[in-house]
Amino acid sequence: MGGVGEPGRGHAQPGAPLPTFRWEQIRQHNLPGDKWLVIERRVYDISRWAQRHPGGSRLIGHHGAEDATDAFRAFHQDLNFVRKFLQPLLIGELAPEEPSHDGPQDAQLVEDFRALRQAAEDMELFEAKPAFFALLLGHILAMEAQSWCLQHDLGHTSVFRKSQWNHVAQQFVMGQLKGFSAHWWNFRHFQHHAKPNIFHKDPDVTVAPVFLLGESSIEYGKKKRRYLPYNHQHLYFFLTLLPLSPLAPPCSRPTAAHPGELRSGESGLHAGVHAVDGLLSPPPQDLLWAASFYSRFLLCYSPFYGLPGALLLFVAVRVLESHWFVWITQMNHIPKEIGHEKHRDWASSQLAATCNVEPSLFIDWFSGHLNFQIEHHLFPTMPRHNYRKVAPLVQALCAKHGLSYEVKPFLTALVDIVGSLKKSGDVWLEAYLHQ
């Protein structure tokens with residue numbers, strides 16, 4: 001075994017003893033252009049390679065100076081294939097006396113969750129049923145509804161065994177059936193899964209200064225920031241959805257962060273480059289797919305309604321669809337803990353940010369099985385028709401470790417969105433007036 005490594009040491013040479021590192025050394029490498037992470041106790045320098053990461057540099061960068069083992073397993077289907085790309089980035093391993101995780105984490109919970117995942121794999125719960133997705137596609141073509149759910153499945157590579165097939169099919173569904181960029185959606189949505197409800201890492205909750213959620217309410221109140229009447233945000237929430245709905249895909253809405261709220265060590269220019277790469281520069285194939293959608297839509301409906309009527313129909317459908325998706329997805333997240341990075345283990349971080357809605361045949365269909373948000377976040381590549389089967393295992397894990405496994409009635413979950421916005425607004429007002 002090699003000696004304790006020094007920060008900045010080069011990549012490990014094949015056949016040579018691996019240098020060892022302590023967490024205090026690894027923690028120093030969590031800056032733009034200087035990122036290390038740990039997977040299965042091995043230390044990797046991803047500083048230069050991160051820009052080529054298929055999921056985007058920001059996604060992998062969110063795990064800088066952390067143990068990313070469970071995230072690595074959660075996002076990738078063929079681990080042996082992906083490990084080939086990791087090998088050139090290997091610079092060492094954790095020192096034998098170092099724990100596998102940095103910080104106060106429950107090692108037994110981590111071990112039990114990994115055993116749970118192995119049990120799910122042994123039960124073949126990561127295997128998709130072709131008949132289920134064939135019926136879903138037929139339902140979409142017949143009713144022109146819930147294309148978002150299918151593209152979501154494909155984006156998580158939970159339909160086909162080969163990732164490339166999922167990606168191509170997602171581009172078709174997202175581009176030809178919906179008119180949006182699959183690249184843009186993936187760029188944002190995978191960050192949400194990696195760090196749910198974490199400011200400046202989950203785009204879905206980094207919505208200040210338009211809305212204040214969780215810990216941002218107190219921060220804005222103490223700093224006397226009042227860009228909008230936040231104590232009434234639960235009311236103008238309904239108004240902002242209307243103009244925003246036609247402009248952005250549901251579940252991936254543009255977010256606005258205050259200039260002073262960028263991640264530590266990240267310049268505004270650096271953050272802006274990410275925004276341009278992920279939002280304004282989709283690959284050419286996404287633009288071609290989207291162009292085919294708008295061409296088809298106008299050719300189909302303009303002869304019946306004229307160009308103004310076709311455009312009005314487009315906006316009306318987008319508004320209704322976007323409202324549906326915002327309510328369906330946010331009922332599982334907004335009422336939960338929202339704040340800054342806590343560096344929890346994978347299972348704890350996902351459970352803290354998600355809750356379920358009571359299942360039924362109608363709710364399962366209406367929500368695209370997103371009522372099983374806990375299972376979906378713990379196992380993002382699992383086909384959704386298997387959530388019911390893995391749910392009892394997850395409940396047992398939570399009961400053993402005293403973790404909350406929250407399940408709500410559907411209407412209660414919807415009302416809780418408004419209640420959470422009102423609560424955050426009241427917290428802001430209290431801090432604003434009395435600090």
Side-chain angles (χ1 to χ4, degrees), residues 32 50 53-64 71 74-75 148 151-152 155-156 170 174 178 180-217 219-220 233 237 240-241 244-245 247-264 266-282 286 322 325-342 349-350 352-354 370 373 376-377 380 417 420-421 424:
H53 180 240
S57 61
R58 178 164 288 203
L59 173 63
I60 194 171
H62 289 338
H63 296 283
F75 284 115
W148 285 115
Q151 79 83 23
H152 179 258
H156 281 291
Q170 186 198 20
M174 192 65 154
K178 302 310 304 176
F180 287 113
S181 168
H183 172 269
W184 181 62
W185 185 87
N186 290 340
F187 174 83
R188 298 174 57 80
H189 189 63
F190 295 161
Q191 292 183 71
H192 160 71
H193 270 271
K195 296 291 183 177
N197 285 13
I198 301 298
F199 290 140
H200 319 308
K201 294 187 176 182
D202 179 359
D204 286 359
V205 298
T206 309
V207 291
V210 180
F211 294 100
L212 301 184
L213 304 174
E215 295 174 5
S216 66
S217 304
E219 294 173 4
Y220 266 60
Q233 65 178 0
F237 169 71
T240 56
L241 282 178
L244 288 176
S245 297
L247 302 178
C251 192
S252 309
R253 212 160 301 288
T255 58
H258 190 274
E261 295 172 340
L262 298 172
R263 292 188 316 225
S264 175
E266 181 175 69
S267 68
L269 177 61
H270 182 75
V273 169
H274 281 307
V276 170
D277 288 344
L279 180 60
L280 301 179
S281 302
D286 280 12
S322 187
F325 215 113
V326 166
W327 286 94
I328 288 298
T329 57
Q330 297 314 308
M331 66 182 180
N332 305 97
H333 294 298
I334 286 183
K336 300 295 288 184
E337 178 184 320
I338 301 175
H340 295 284
E341 178 66 84
K342 303 295 192 300
S349 65
Q350 303 299 329
T354 55
L370 292 180
Q373 197 71 234
H376 173 54
H377 265 257
I417 296 177
S420 296
L421 288 170
S424 294

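Residue indices begin at 1 and follow the sequence shown.
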Pairwise distance [atom1]([X]) to [atom2]([Y]) - rounded to 0.5 angstrom:
X    : Y    : atom1 : atom2 : value
I60  : H53  : CD1   : NE2   : 4.5 Å
Q330 : D204 : CD    : CG    : 5.5 Å
Q350 : N197 : CD    : CG    : 9.5 Å
L370 : I328 : CG    : CD1   : 7.5 Å

Say whether, by atom type as modelled, one donor and one acceptor occur between the side chain of [X] and the main chain of [Y] under 3.5 angstrom.
X    : Y    : answer
Q233 : L212 : yes
H193 : H189 : no
N332 : T354 : no

Inset, instruction - Classify the angle between the aromatic ring planes of H156 and W185 as parallel (below 30°), tilted (30 to 60°) or perpendicular (above 60°). - result: perpendicular

Inset, instruction - Classify the angle between the aromatic ring planes of F190 and F75 as parallel (below 30°), tilted (30 to 60°) or perpendicular (above 60°). - result: tilted

Of the non-hydrogen atoms in [X] and [Y], which two are nearest, and what is the gap between them?
X    : Y    : answer
D202 : T206 : O-OG1, 2.9 Å
N186 : G155 : OD1-CA, 4.1 Å
G214 : S424 : N-OG, 3.6 Å
D286 : S181 : OD2-OG, 2.6 Å
P203 : R188 : CB-NH2, 3.4 Å
P196 : S349 : CG-O, 4.0 Å

Legend entry - R58/Q191 under side-chain contact (heavy atoms from CB on, under 4.5 Å): CA gap, chis, key distance, verdict: CA-CA 8 Å; R58 178 164 288 203; Q191 292 183 71; 2.7 Å; yes

Inset, instruction - Take L213 and L421, measure what side-chain contact (heavy atoms from CB on, under 4.5 Å) needs, and give me the verdict at the end. - result: CA-CA 7 Å; L213 304 174; L421 288 170; 3.6 Å; yes

Inset, instruction - I would like to know whether V205 and H333 meet side-chain contact (heavy atoms from CB on, under 4.5 Å); could you show each step before the answer? - result: CA-CA 9 Å; V205 298; H333 294 298; 5.7 Å; no

Legend entry - Between H200 and H340: side-chain donor-acceptor atoms closer than 3.5 Å: no

Legend entry - Counterpart residues, salt bridge (charged side-chain N to carboxylate O under 4.0 Å, His left out), relative to E341 (two or more places apart): K195, K201

Inset, instruction - Using a 4.5 Å cut-off on heavy atoms from C-beta on, say whether the side chain of Q373 contacts that of M331. - result: no

Inset, instruction - Assess whether ring pair (Phe, Tyr, Trp, His ring centres under 6.0 Å) is satisfied between H192 and H377, documenting all intermediate values. - result: CA-CA 10 Å; H192 160 71; H377 265 257; 4.9 Å; yes

